[in-house]
Amino acid sequence: MGMSRLLAPRLAYFAGVARTEHVTRAAQEMQVPQSTLSRAMVRLEQDLGVDLFARRGRTVSLTPAGRTFLGSVERALAEIERAADEVRADADPATGKVAFGFLHTMGSETVPGLIRAFRVDHPRVRFSLVQNYGEAMIERLRSGELDLCLTSPVPDAPDLVGRRLDEQKLRLVVPADHRLASRRRIRLAEAADETFVTLEPGYGLRRITDDLCRQAGFRPRVAFEGEEAETLRGLVAAGLGVALLPPPAVPRPGVVELTVTAPRAAREIGVAWLDGHPDTPPVAAFKRFLLSRRGNLLPE
């Protein structure tokens, strides 16, 4: 790392001199003083401890070591140019990219609808989409892998900005042949003796489930833990337990979904981003769009 930091500022100069084989012509093409270019080449050779050029006045030719070095330098400069093109393209207001994370439960209907609506006015903006649970997405925000994420609960951390966008009611999902299946409403305390299927610890919905059960006066007896809400619905349909879940995108046979009257069963959905992180134009536009959907984020 020390040698690359030492050499990097002179590599483009070296490639220019090697291409023209003439210090004066290279200085004119790169619009730098000839003396600056000459000193840079001398210093480069001193730092490497190798002669890169054979000199005849202001005309130079590459030594065998110089030719070997030039091949690697050209590849390195081309990669830098490619990276610069890529980040410029990602920041382009019309065709740039947004790295967007969201909960698994938002993937089948909510997020596709949001992106479709956003692209009415921004038809060429590209998206890199990541589905994950809340804590994992927050870590990817912090690492710079994501620009924005939809998550629940709305994070409260000094390095993050979180904005509440909407609320999603949770239902108690029971098998179609369950003793409670004829009901439309239920107090959660009435399910205290039931076996629950839940998401794994670390998921926001798991924390909400545990908290709601605690408010109802019991600790849920968990038989199965999963990573995806629709898998849990399948387990409920198979008679393996009950679950607190957000509404499905498409009604699932084999289960009945009951309104929970007490305690109030809902989860907040919010958008989060890294505080102080500069937005590219496409990210800023999508952030404004999401905030404009406050109270109207979720499909009816």
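Numbers here are sequence positions counted from 1.
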Practice item. Check whether the ring centres of F69 and F53 lie less than 6.0 Å apart, and answer yes or no. Key: no
Check your understanding: Crowded around F118 CZ? As in, over 12 foreign heavy atoms under 6.0 Å?
Key -> yes
Check your understanding: If only atom types and distance count, is the side chain of S143 paired as donor or acceptor with the main-chain N or O of R140 below 3.5 Å?
Key -> yes
Check your understanding: Side chain of E268, backbone of R164: donor and acceptor closer than 3.5 Å?
Key -> no
**Study point:** R10 bridged to D47 by N-O distance under 4.0 Å
**Key:** yes
Point to revise | Minimum side-chain heavy-atom gap D147-D279 below 4.5 Å | key: no
Point to revise | L170 with Y203, same ILVMFWY side-chain cluster at under 4.5 Å | key: yes
Check your understanding: How far does CD of Q28 sit from CD of Q34, to the nearest 0.5 angstrom?
Key -> 8.5 Å
Check your understanding: So, do R219 and C213 sit near enough that their side-chain heavy atoms are less than 4.5 Å apart?
Key -> no
**Study point:** Smallest separation among heavy atoms of R233 and P246, with atom names
**Key:** NH2-O, 2.5 Å
Study note, to complete from the structure: What one should report as the nearest heavy-atom pair of A15 and V73 is CB-CG1, 4.3 Å
Check your understanding: For A54 and T63, which heavy atoms make the closest approach, and how far apart are they?
Key -> N-CG2, 3.8 Å
Practice item. Please tell me if the side chains of R39 and V42 come closer than 4.5 Å, counting only heavy atoms from C-beta onward. Key: no
Check your understanding: Are the side chains of L150 and L114 in touch, meaning some heavy atoms are under 4.5 Å apart?
Key -> yes
Check your understanding: Given V98 and V125, is the side chain to side chain contact (heavy atoms under 4.5 Å, CB included) satisfied, shown in steps?
Key -> CA-CA 8 Å; V98 179; V125 166; 4.0 Å; yes
Check your understanding: Do you know which two heavy atoms are closest between Y13 and M41, and how far apart they sit?
Key -> CB-CE, 3.6 Å
Exercise for review: Give a yes or no answer on whether the side chain of T36 reaches the backbone of V32 with a donor-acceptor pair at less than 3.5 Å.
Suggested key: no
Exercise for review: Check for a donor-acceptor pair, side chain of E194 on one end and backbone N or O of F196 on the other, with a separation under 3.5 Å.
Suggested key: no
**Study point:** Shortest non-hydrogen separation from P153 to R207 and the atoms involved
**Key:** CD-NH2, 3.2 Å
Exercise for review: May I ask you to test the V242-V173 pair for a side-chain heavy-atom distance under 4.5 Å?
Suggested key: no
**Study point:** side chain to side chain contact (heavy atoms under 4.5 Å, CB included) between L235 and L240, worked out
**Key:** CA-CA 6 Å; L235 295 173; L240 299 175; 3.6 Å; yes
**Study point:** Pair R82 + D85, salt bridge at N-O below 4.0 Å
**Key:** no
**Study point:** Residue pair R142, E145: steps toward the salt bridge (charged side-chain N to carboxylate O under 4.0 Å, His left out) verdict
**Key:** CA-CA 8 Å; R142 288 182 167 128; E145 296 176 66; over 6 Å; no
Point to revise | ILVMFWY network linking I208 to M106, side-chain heavy atoms under 4.5 angstrom | key: no
Exercise for review: Verify, without hydrogens or angle tests, whether R206 (side chain) and L199 (backbone) share a donor-acceptor contact under 3.5 angstrom.
Suggested key: yes
**Study point:** side-chain hydrogen bond (donor to acceptor under 3.5 Å, both in side chains) assessment of R267 paired with S152
**Key:** CA-CA 7 Å; R267 64 172 180 171; S152 178; 4.6 Å; no
Practice item. Please round to the nearest 0.5 Å and tell me the distance separating atom CG of L188 and atom CG of L244. Key: 5.5 Å
Check your understanding: Taking atom CG of L291 and atom CZ of R293, what is their separation to the nearest 0.5 Å?
Key -> 12.0 Å
Check your understanding: How long is the gap from CZ on F14 to CG on L77, to the nearest 0.5 Å?
Key -> 10.0 Å
Point to revise | T59 (side chain) donor-acceptor with R55 (main chain) under 3.5 angstrom | key: no
Point to revise | Spatial distance of atom CZ (R88) from atom OG1 (T280) [nearest 0.5 Å] | key: 14.5 Å
Check your understanding: When hydrophobic residues are tied together by side-chain contacts of less than 4.5 Å, even through go-betweens, does V222 share a cluster with V260?
Key -> no
Practice item. State whether the side chain of T198 and the backbone N or O of E225 hold a donor-acceptor pair below 3.5 Å, judged by distance alone. Key: no
Revision key, fill the gap. Shortest non-hydrogen pair, C149 vs I138, comes out as SG-CD1, 4.3 Å
Practice item. May I ask you to decide if R185's main-chain N or O and R183's side chain share a donor-acceptor pair within less than 3.5 Å? Key: yes
**Study point:** Charged N-O contact under 4.0 Å between R179 and E190
**Key:** no
Check your understanding: Hey, is CZ on R56 packed in by over 12 heavy atoms from elsewhere, all under 6.0 Å?
Key -> yes
Check your understanding: Is the closest basic N to carboxylate O distance between R264 and E167 below 4.0 Å?
Key -> yes
Practice item. Starting at CG of L245, measure out to CG of L172 and round the result to the nearest 0.5 Å. Key: 9.0 Å
Check your understanding: Are any of the side-chain nitrogens in E86 or K97 under 4.0 Å away from the carboxylate oxygens of its partner?
Key -> no
Review point. Honestly curious: do V255 and L205 fall in one hydrophobic cluster under the side-chain, below-4.5 Å linking rule?
Key: yes
Review point. Is the shortest side-chain N to carboxylate O distance from D211 to R214 below 4.0 Å?
Key: yes
Practice item. Using atom types as modelled and distance alone, determine if a side-chain donor or acceptor of R67 lies under 3.5 Å from a backbone N or O of L62. Key: yes
Review point. Can you find a pair of side-chain heavy atoms, one from V271 and one from V154, that are under 4.5 Å apart?
Key: no
Point to revise | Evaluation steps, side chain to side chain contact (heavy atoms under 4.5 Å, CB included), between R163 and W273 | key: CA-CA 9 Å; R163 294 287 183 267; W273 60 87; 3.7 Å; yes
Exercise for review: Measure from the side-chain N and O atoms of D166 to the backbone N and O of L297, and report whether any donor-acceptor pair falls under 3.5 Å.
Suggested key: yes
Review point. Any side chain to side chain donor-acceptor pair (under 3.5 Å) pairs touching residues 116-126, not counting sequence neighbours?
Key: D90-R126
Check your understanding: Are R171 and T259 side-chain neighbours, meaning at least one heavy-atom pair lies under 4.5 Å?
Key -> no
Review point. Does CG in D193 sit with more than 12 non-hydrogen atoms of other residues, nucleotides or ligands closer than 6.0 Å?
Key: no
Review point. When clusters are formed by joining ILVMFWY residues with side-chain heavy atoms under 4.5 Å apart, either directly or through shared neighbours, do F286 and V87 land in the same one?
Key: no
Practice item. Starting from the C-alpha separation in whole Å, work towards a yes-or-no answer on side chain to side chain contact (heavy atoms under 4.5 Å, CB included) for L258 and V174. Key: CA-CA 8 Å; L258 309 178; V174 302; 4.3 Å; yes
Point to revise | Non-hydrogen side-chain atoms of L48 and E45 separated by less than 4.5 Å | key: no
